[in-house]
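Working notes, beginning with the structure itself.
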Amino acid sequence: MDTKPEFKPGNYLYAAKASALETVGLPNPRDWNPTDDDWKLPADWKGVVREGIAQRLERFRTFKLFMDICVRCGACADKCHFFIGSGDPKNMPVLRAELIRSIYRGEFKTAGKILGRLAGGRKLTEEVIKEWFYYFFQCTECRRCSVFCPYGIDTAEITIIAREIINLLGCNIDWIASPVANCFMTGNHLGLKPHTFKENAEYLLDDIEEYVGVKIEPSFNRKGAEILFVTPSGDIFAEPGIFTFMGYLMLFEHIGLDYTWSTYASEGGNFGFFTSHEMMKRLNAKMYAEAERLGVKWILGGECGHMWRVVHQYMNTLNGPPDFLDQPVNPITGTRFDNAASTKMVHISEFTADLIKNNKLKLDPSQNDHYTVTFHDSCNTSRGMGLLEEPRYIINNVCNNFVDMAPQTIRENTFCCGSGSGLNAGEYLEMRLRGGLPRANAVKRVAEDKGVNMLSCVCAIDRAVFPALMDYWVPGTDVCGVTELVANALVMEGQGEREYNLRGEENPSYVPPPESEGEAEGEAGEEGEE
Amino acid sequence: MKLKTLLAKHKSAIVKQWINSIVETYPSETAKFLKSKKDQFSNPVGHTIMAETNNLFEQVMEGIDREKVTPFLDRLIRVRAIQDFTPSQALSFVFSLKYVIRRVVGSEIDTEALDQELVDLEASIDYMALVAFDVFMGCREQLYDLKVKEIHSNAYSLLRRAKILVEQPGEEPENA
Ligand code: SF4
Ligand code: SF4
């Protein structure tokens, strides 16, 4: 506990800008930098922290329990990807929790107050706050450690509370605070205005027309649509997420779904979750407010990680129950999603798997034959909501070559991408390469042994961060969303030749249709003998 | 020639001590973990250290060939290049092999009068160190490239629509 963190480029995240905090009314907005000696904490910062801890011990039974019951057995110690990849012992979950537990003992427990370090307690100093900032932003709230703790202690929840407390002092990072402010003001992380959002979608629709030969005209903000579709905004402007976005558009066109996009609830992601419970509630509310305004029956959600953790674990307590919505029923298959009875929101993988199971999709999996695919379980969808089978079922139906990674690295044991919970900032790449090492290492095994060349996932942050992680650790491995693979395999009504894939590249799995024999011969003649 | 026989005989002791010297560049709790857990997925860093020291020692015995030694160095240095090390700390492991060899077989080198062979062997390790510098720099340069690439990818559509995306250095902006 005695070594101080040294803030060096690459190992810390930039501080939240004052303007972002002001926009959403967070405390102590100011310009500062983690490398400064003076962090410009509020005058009574110790009181704020003590009060903040006391309130949360009252409010969250888990937090109180987790502060008290750890027996330091060490079962969690080597399970954190940040410890495994960085080699920094303070990234052992038990020691991460100890950063705040020692203050709890030193400030709140009689023995700790009197005996201090002898009872494992310590006093609150500015150094402690700096250490919290350093190490609670080296936890992606992935919950892997909790799987191995005999008491079920979830260090992710401790990190969530710790971040909430340092937020009371204005110590947040900009990569979280600015998206929160943008999302609150305009509906998505980048602050894209409705017309920009729509124009971006149109751009991608043009691409679909060019590569697939199908013209799609989705609706935006259409009142009375049956379903509202919400997905992370990253999918509308970030590569390779845009190909997944094109996949959604093709899938819904293929089945003739009565749905609409919202340019206001244009973000599935919820960086409020990485700020405070209140901020998570404020941002989550807009999806449901928009569903109510548009008068849809239920919400279909795209491939996102933490959006689903928020919906699955918190939504009903925060903003529920959304009585104005119906229990979701798939209009194409008639399947009633009982698992979505309380949230009224269905995951795109559940929805797609149901379509496939009921034979509602015309699929040609050979279009993905140039890929050998593996699947990364996002921490949030696997450990946070138990979505394990559906993505694999889909992939196995739309691809001919699927390989899972080693069992100790997938499903509920999955290794985090190393960039979740708002840590996916550019300045943090070096730290993220440490955190992502165990995941990449497992990909490398299947890449070398089984020829895997495509890492698929159902999370927009994964899609944003895996390309760099793969380039560094497993060069030659591409990254895609599961719905992109679905779209590749979809046989669209009135489609063109499909010589190009959604990425605009020549489709290596394209085989000219046999019925156009005359043409094919002509082409073969041009290409010369093969 | 005789030195190589000696080294081959003591290979496991040398590699073991070399591994220890690398593992000890980490804090003690971490060092314990790196040495104890054998599973390649639960302990990828420890596993890499074990595997690559063995491979590198073989290379030293054979005589260093840049092409052949690079992939082994790369796997080890790629990890240390992004961990919390200065460049000298990250690469010190190459030189520690010299000390380990002297520690394990030093007295036999003296009694057998193999000094000249040792000088040659150490020159070979020095050459491996030079290759290691290149590998390390390659990793760090890649890190900076990846940062730029990631920023582009994260705003791909916006840049493309604004017609300011240059995909390859030297290429014209798309649709320009
Ligand atoms: S929640 Fe994940 S990142 Fe945080 S301490 Fe546990 S394993 Fe590590
Ligand atoms: S596994 Fe649980 S009880 Fe054991 S040290 Fe970790 S948090 Fe404490």
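Keep in mind that the numbers below use all heavy atoms, side chains included, and drop hydrogens, waters and symmetry copies. If you're wondering where the values come from, they're calculated on a predicted model, not measured in any experiment. Throughout, protein chains are lettered first and strands after them, A, B, ... in sequence-line order, and every chain is numbered starting at 1.
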Task: Arg432(A), part contacting chain B, at a heavy-atom distance under 4.5 Å - done: side chain

Task: Under 4.5 Å from any heavy atom of chain A - which part of Gln83(B) - done: both

- [ ] Against chain A, label Val79(B) side chain, backbone, both or neither, depending on which of its atoms sit under 4.5 Å from a heavy atom there.
- [x] both

TODO: Please look at Leu192(A) and chain B and tell me whether the side chain, the backbone, both or neither of the residue comes under 4.5 angstrom of a heavy atom of that chain.
DONE: side chain

Task: Contact leader toward chain B among Gly234(A), Ala77(A), Ala468(A), where contacts are heavy-atom pairs under 4.5 Å - done: Ala468(A)

Task: For chain B, the option from Val465(A), Ile236(A), Asn11(A), Asp207(A) that forms the most heavy-atom pairs under 4.5 Å - done: Asp207(A)

- [ ] For the residue pair Arg140(B) and Glu430(A), establish whether any side-chain heavy-atom pair is separated by less than 4.5 Å.
- [x] yes

Open item on the list: Can you confirm whether more than 12 heavy atoms, excluding those of Lys450(A), are under 6.0 Å from its NZ atom?
Closed with: no

TODO: Counting only heavy atoms closer than 4.5 Å, note whether Arg445(A) contacts chain B via side chain, backbone, both or neither.
DONE: side chain

Open item on the list: Are the side chains of Tyr472(A) and Cys139(B) in contact, using a 4.5 Å heavy-atom criterion?
Closed with: yes

- [ ] Over all heavy atoms of both residues, which pair between Gly87(A) and Pro27(B) is shortest? Give the atoms and the distance, please.
- [x] O-CD, 3.8 Å

Task: Interchain contact, Lys149(B) with chain A, by part (heavy-atom threshold 4.5 Å) - done: side chain

Open item on the list: For the CZ atom on Arg102(B), are there more than 12 heavy atoms of other groups (residues, nucleotides or ligands in this structure) within a distance under 6.0 Å?
Closed with: no

Task: Heavy-atom proximity to chain B below 4.5 Å, by part of Met92(A) - done: side chain

Task: Closest heavy-atom pair and its distance - Glu150(B), Asn424(A) - done: OE1-O, 4.3 Å

Open item on the list: Can you confirm whether Lys16(B) is buried at NZ, in the sense that more than 12 heavy atoms of other residues, nucleotides or ligands lie under 6.0 Å from that atom?
Closed with: no

- [ ] Give a yes or no on whether Glu67(B) atom CD has more than 12 heavy-atom contacts from other residues, nucleotides or ligands under 6.0 Å away.
- [x] no

Task: pair Asp84(B)-Arg434(A): side-chain heavy atoms closer than 4.5 Å - done: yes

Task: Thr409(A), part contacting chain B, at a heavy-atom distance under 4.5 Å - done: side chain

Task: Contacting moiety of Ile151(B), where chain A heavy atoms sit under 4.5 Å - done: neither

- [ ] Please list, in residue-number order, every residue in residues 30-58 of chain B that has a heavy atom less than 4.5 Å from any heavy atom of chain A; write 'none' if there are none.
- [x] Thr30(B), Phe33(B), Lys37(B), Asp39(B), Gln40(B), Phe41(B), Ser42(B), Pro44(B), Val45(B)

Task: Side chain, backbone, both or neither of Pro467(A) within contact of chain B (heavy atoms, under 4.5 Å) - done: neither

TODO: Measure Asn413(A) against the heavy atoms of chain B and call it side chain, backbone, both or neither at under 4.5 Å.
DONE: neither

TODO: Please state whether the side chain, the backbone, both or neither of Ile242(A) comes within less than 4.5 Å of a heavy atom of chain B.
DONE: side chain

Open item on the list: Quick check on Ile84(A) against chain B: is it the side chain, the backbone, both or neither that has a heavy atom closer than 4.5 Å?
Closed with: both

